There are 2 protein chains.
Amino acid sequence: MLKIGELAGQAKVSRDTLRFYEKHGLITPDHRSEAGYRLYSDSDIKRVGFILSAKEVGFTLSEIHQLLELEVTKDQKSCEDVKQFVDAKITVVNQRLAEISRIKKSLQTLSNACCGGDEPATHCTILEALGDQTSQD
Amino acid sequence: MLKIGELAGQAKVSRDTLRFYEKHGLITPDHRSEAGYRLYSDSDIKRVGFILSAKEVGFTLSEIHQLLELEVTKDQKSCEDVKQFVDAKITVVNQRLAEISRIKKSLQTLSNACCGGDEPATHCTILEALGDQTSQD
DNA sequence: ATGAACCTTGGAGTATAGTCTAGTGTCAAG
DNA sequence: CTTGACACTAGACTATACTCCAAGGTTCAT
């Protein structure tokens, strides 16, 4: 069982952020101590990690909330709903993957462009690099 | 030359957003008409597209501003600075790629988990799916 | 020559995601 | 038995990224 400061330390967020996430339903301590201190389980480190990863790749807290709420039950009905929701998210994740790859390529083109690189100094802005994505990977 | 509404329509943002981006140095119309109307060049569609892509994968407007400002000149000095900056961005982009791939896999695991899928119904939440990334791709 | 549909500016308002402060309580070490 | 590091709540404040509004000017088709 971890106190809020311990979880915060391990997950590299502030205590305030954890309380904020709790207020918004993203994470709830397993239970409270006599004194009312939040007590988290070890697996909550993973949960916070997921929240941070998902946030970093562009999901909002409310989307992350939905993802964390998902529970595929045996109930066929809810299962179909979950599948639809998840498949929609996979679609946006794929779009994001494509876009981030595109940006990565442009950055690499830009990085190779000058400074004694092999490229002629024509790709001199990110927009020019974006327009011309051929050989670099 | 495009008026603000035309650019907004093509780039699928609001006029207000374009004015907001201008205020923050992300995009400036080529020039103004006699009446003071903003007139954009065709290439500004691409510029707005870049802003939106970069935003979607988690860059802030101020980072995007920096990316757009980058100009690899022949000057060796500034060139090294640019390379450093760009290489740092490539590092974060790679991290983001890894994280988004991880999330994608979990979503796929989750999607396959039930509903007559081949997986047993053990992967029933995103966190369980995250923990167990083996065969799916 | 007038009305709709556009454009201008400045400034206020909103949503999201924290971050900080105040006032108070808890706990472990010296 | 007190001091320092931590915890609690409620609420105010901040940054980012828009979004809307008011009051007015422009363009153009009818």
Side-chain angles (χ1 to χ4, degrees), chain A residues 1-41 44-45 47-69 89 92 96 99, chain B residues 1-41 44-45 47-69 89 92 96 99:
Chain A
M1 284 297 138
L2 305 157
K3 280 186 285 179
I4 196 167
E6 292 162 347
L7 177 55
Q10 294 205 34
K12 282 168 192 159
V13 292
S14 74
R15 296 144 217 247
D16 276 335
T17 298
L18 290 176
R19 294 194 197 101
F20 176 79
Y21 286 167
E22 182 176 342
K23 195 156 70 186
H24 292 269
L26 290 160
I27 188 166
T28 317
D30 229 53
H31 58 282
R32 297 286 188 119
S33 76
E34 296 254 303
Y37 286 19
R38 287 167 179 83
L39 295 172
Y40 298 94
S41 70
D44 284 327
I45 299 170
R47 194 178 177 93
V48 177
F50 174 76
I51 296 170
L52 299 180
S53 298
K55 219 167 60 67
E56 188 166 328
V57 300
F59 286 109
T60 65
L61 294 190
S62 111
E63 288 173 311
I64 296 167
H65 180 63
Q66 291 182 294
L67 287 171
L68 287 169
E69 288 291 277
K89 288 298 170 197
V92 332
R96 253 165 231 178
E99 255 161 312
Chain B
M1 284 297 138
L2 305 157
K3 281 186 284 179
I4 197 166
E6 291 162 347
L7 177 55
Q10 294 206 33
K12 284 169 192 157
V13 292
S14 74
R15 295 143 218 250
D16 275 334
T17 298
L18 290 176
R19 293 193 198 101
F20 177 80
Y21 287 167
E22 182 175 344
K23 195 155 70 187
H24 292 269
L26 291 159
I27 189 167
T28 316
D30 229 52
H31 58 283
R32 298 286 189 118
S33 75
E34 295 255 303
Y37 286 19
R38 288 167 180 82
L39 295 172
Y40 297 93
S41 70
D44 284 326
I45 300 170
R47 194 178 177 94
V48 177
F50 174 76
I51 297 170
L52 298 180
S53 298
K55 219 167 61 67
E56 189 166 328
V57 300
F59 286 109
T60 65
L61 293 189
S62 113
E63 287 174 312
I64 296 168
H65 179 62
Q66 291 182 295
L67 287 170
L68 287 168
E69 287 291 277
K89 289 298 171 199
V92 333
R96 252 164 231 177
E99 255 160 311

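Atom set for the values below is all heavy atoms of this structure, side chains included, hydrogens, waters and symmetry mates excluded. Just so it is clear, the structure is predicted and the values come from calculations on it, not from any experiment. Throughout, protein chains are lettered first and strands after them, A, B, ... in sequence-line order, and every chain is numbered starting at 1.
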query = Rounded to the nearest 0.5 Å, what separation is found between the CD1 atom of A/Ile64 and the NZ atom of A/Lys55?
reply = 7.0 Å
inquiry  = Rounded at 0.5 Å granularity, tell me how far OG1 in B/Thr60 sits from NE2 in B/His65.
reply    = 11.0 Å
message = Rounding to an integer number of Å, can you tell me how far A/Ile51 CD1 sits from C/dA17 C1'?
response = 13 Å
ask   = Counting side-chain heavy atoms from C-beta on, which of D/dC8, C/dA17, D/dA17 comes nearest to A/Phe20?
value = C/dA17
query = To the nearest angstrom, how far is A/His24 atom NE2 from C/dT19 atom C1'?
reply = 13 Å
inquiry  = Near DNA chain D, counting only heavy atoms under 4.0 Å, which residues of residues 52-64 of chain A show up?
reply    = none
Short N-O contact, A/Asp44 and A/Arg47, less than 4.0 angstrom = no
key: Pair A/Arg38-A/Lys3, side-chain contact (heavy atoms from CB on, under 4.5 Å): steps then yes or no   = CA-CA 6 Å; A/Arg38 287 167 179 83; A/Lys3 280 186 285 179; over 6 Å; no
remark   = Sorted by position of nearest nucleotide on DNA chain D, 5' first, the leading residue of A/Lys23 and A/Leu39 is A/Leu39
task = Take B/Thr17 and B/Val48, measure what side-chain contact (heavy atoms from CB on, under 4.5 Å) needs, and give me the verdict at the end.
result = CA-CA 10 Å; B/Thr17 298; B/Val48 177; over 6 Å; no
task = Send over the distance from A/Ile4 CD1 to C/dT19 C1', rounded to a whole Å.
result = 14 Å
key: Nearest-neighbour nucleotide for the B/Ala35 side chain, C/dT26, D/dG25, D/dT27 considered   = D/dT27
task = To the nearest Å, give me how far apart CD (A/Glu22) and C1' (D/dT9) are.
result = 12 Å
query = Can a donor-acceptor pair under 3.5 Å be found between the side-chain atoms of A/Tyr21 and the base atoms of C/dG18?
reply = no
Distance, rounded to the nearest Å, where B/Glu6 contributes CD and C/dA5 contributes C1' = 12 Å
message = Just the rounded figure in Å: distance from P of D/dC6 to CZ of A/Arg19.
response = 13 Å
message = Assuming nearest nucleotide by heavy-atom distance, tell me which of A/Ser14 and B/Gly5 is located more 5' along DNA chain C.
response = B/Gly5
key: Steps toward side-chain contact (heavy atoms from CB on, under 4.5 Å) verdict (A/Phe59, A/Gln66)   = CA-CA 10 Å; A/Phe59 286 109; A/Gln66 291 182 294; over 6 Å; no
task = Counting heavy atoms from C-beta on, name the nucleotide in D/dT19, D/dC8, D/dT26 closest to the side chain of B/Thr17.
result = D/dT19
ask   = With a non-hydrogen cut-off below 4.0 angstrom, is B/Arg38 in contact with a base, only sugar-phosphate, or nothing?
value = sugar-phosphate
remark   = Atom CE of B/Met1 and atom P of D/dT27 are separated, to the nearest Å, by 17 Å
inquiry  = C/dT26, OP1 or OP2 - any side-chain N/O from A/Arg32 closer than 4.0 Å?
reply    = no
query = Rounded to the nearest 0.5 Å, how far apart are CZ of B/Phe20 and CG of B/Leu26?
reply = 8.5 Å
message = What is the distance, to the nearest angstrom, from the CD atom on B/Gln66 to the P atom on D/dT16?
response = 12 Å
